[in-house]
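Heads up: numbering here begins at 1 and tracks the sequence.
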Amino acid sequence: MSSSSSPGPTPPPPGYPDLGPEPVTEVRIIAAPAVPTAVVRAAGVRMSSIAGLFDAAFGQAFPELFARGITPAGPPFALYTRLTEGPDAVADVEIGFPLGERLAAPLAAVPAHDEPGAGDAPGAGDGPAGDGLRIVPSELPAGDIAVMSHVGGYDALGEAWGRLMAGIGGSGRAPGMPFWECYVTEPRPDMDPATLRTDLYCPTRQPDDAA
């Protein structure tokens, strides 16, 4: 009923998954193409220690990718294929960058140094923790994707995701998987967290479609 009166998906902005220079302040649904990516894939990561995986991926693995002449086509992202709830939440996640063309082959594992939290990511690099970080080809999925920007600290991302989910429901649709967030603003130690921009993305489906 509500889905028949809601507007259909709009074309993606030029340069997608880049959503443009200005934050997207209201939930918008776009008909998005698939986008090739290069990612570090990890399974069963404890959310309480996921920062260590981010530090290892961006501090060790991706500099190796860039040193081989492969350049990202947009800001970094984290894509979640599974996320449990509760204080002991764990996730299956891909951390990486969009690319202009598909990565030809996986990159050999980059040794994981002893950084705080880096060993707390079981499944990192498709192997046991400590075996290194392996960069593999993947993609952001095509489909009717709900998008919205969050401007502010990462500690308020949960509330922003709640607003996105409410917007999806208000459009007569249901959220799907996987979902991802794009870190548009590169964080720096001296910056004001209130200026951070994170773009949120979630596939949508009609409620009577198979989940």
Check: Looking at side-chain heavy atoms only, is the closest gap between Pro76 and Cys182 below 4.5 Å?
Finding: no
Check: Below 4.5 Å, heavy atoms only, C-beta onward: do Ile145 and Pro12 meet side chain to side chain?
Finding: no
Can you give me the closest heavy-atom contact between [X] and [Y], atom names plus distance?
X      : Y      : answer
Ala142 : Ala34  : CB-N, 3.4 Å
Ala61  : Ile135 : O-CD1, 3.3 Å
Arg205 : Pro175 : NE-O, 3.8 Å
Phe62  : Val40  : CZ-N, 4.0 Å
Asp18  : Pro13  : O-CG, 3.5 Å
His150 : Ala156 : CE1-CB, 3.7 Å

Next item on the list: Go through Asp199 and Val24 one step at a time and tell me if the side chain to side chain contact (heavy atoms under 4.5 Å, CB included) criterion holds.
Entry: CA-CA 8 Å; Asp199 289 345; Val24 178; 5.7 Å; no
Check: What residues, two or more places apart in sequence or in another chain, satisfy side chain to side chain donor-acceptor pair (under 3.5 Å) together with Tyr16?
Finding: none
Spatial distance of atom [atom1] ([X]) from atom [atom2] ([Y]) [nearest 0.5 Å]:
X      : Y      : atom1 : atom2 : answer
Met148 : Cys202 : CE    : SG    : 11.0 Å
Leu196 : Thr185 : CG    : OG1   : 5.5 Å
Arg46  : Thr84  : CZ    : OG1   : 12.0 Å
Ser171 : Ile29  : OG    : CD1   : 3.5 Å

Next item on the list: Would you please test Leu157 and Leu200 for side chain to side chain contact (heavy atoms under 4.5 Å, CB included) and show each step?
Entry: CA-CA 9 Å; Leu157 275 172; Leu200 312 181; 4.0 Å; yes
Check: Are there more than 12 heavy atoms of other residues, nucleotides or ligands under 6.0 Å from atom CZ of Arg197?
Finding: yes
Next item on the list: Decide yes or no on side chain to side chain contact (heavy atoms under 4.5 Å, CB included) for Ile30 and Val147, but give the supporting numbers first.
Entry: CA-CA 8 Å; Ile30 59 177; Val147 300; 4.0 Å; yes
Pairs of donor and acceptor atoms involving the side chains of residues 90-103, under 3.5 Å and at least two apart or interchain, shall be tabulated with distances.
unit_1 : atom_1 : unit_2 : atom_2 : d
Asp92  : OD1    : Gly44  : N      : 2.9
Asp92  : OD1    : Arg82  : NH2    : 3.2
Asp92  : OD2    : Arg82  : NE     : 3.0
Glu94  : OE1    : Ser138 : OG     : 2.9
Glu94  : OE2    : Arg41  : NE     : 3.0
Glu94  : OE2    : Arg41  : NH2    : 3.2
Glu94  : OE2    : Ser138 : OG     : 3.3

Residues 65-72 side chain polar contacts: donor-acceptor under 3.5 Å, at least two apart:
unit_1 : atom_1 : unit_2 : atom_2 : d
Arg68  : NE     : Glu64  : OE2    : 3.1
Arg68  : NH2    : Glu64  : OE2    : 3.0

Checklist line | Val151 with Val184, same ILVMFWY side-chain cluster at under 4.5 Å | finding: no
Checklist line | Cluster link Met177 to Ile168, ILVMFWY, side chain under 4.5 Å | finding: yes
Next item on the list: Keeping the roles fixed (side chain from Thr81, backbone from Pro178), state whether a donor-acceptor pair exists under 3.5 Å.
Entry: no
Notebook entry, point to check: Angle class for the Tyr183/Phe54 ring planes (parallel below 30°, perpendicular above 60°, tilted otherwise)?
Noted result: perpendicular
Notebook entry, point to check: So which of Tyr201, Trp161, Phe179 actually passes ring pair (Phe, Tyr, Trp, His ring centres under 6.0 Å) with Tyr80?
Noted result: Phe179
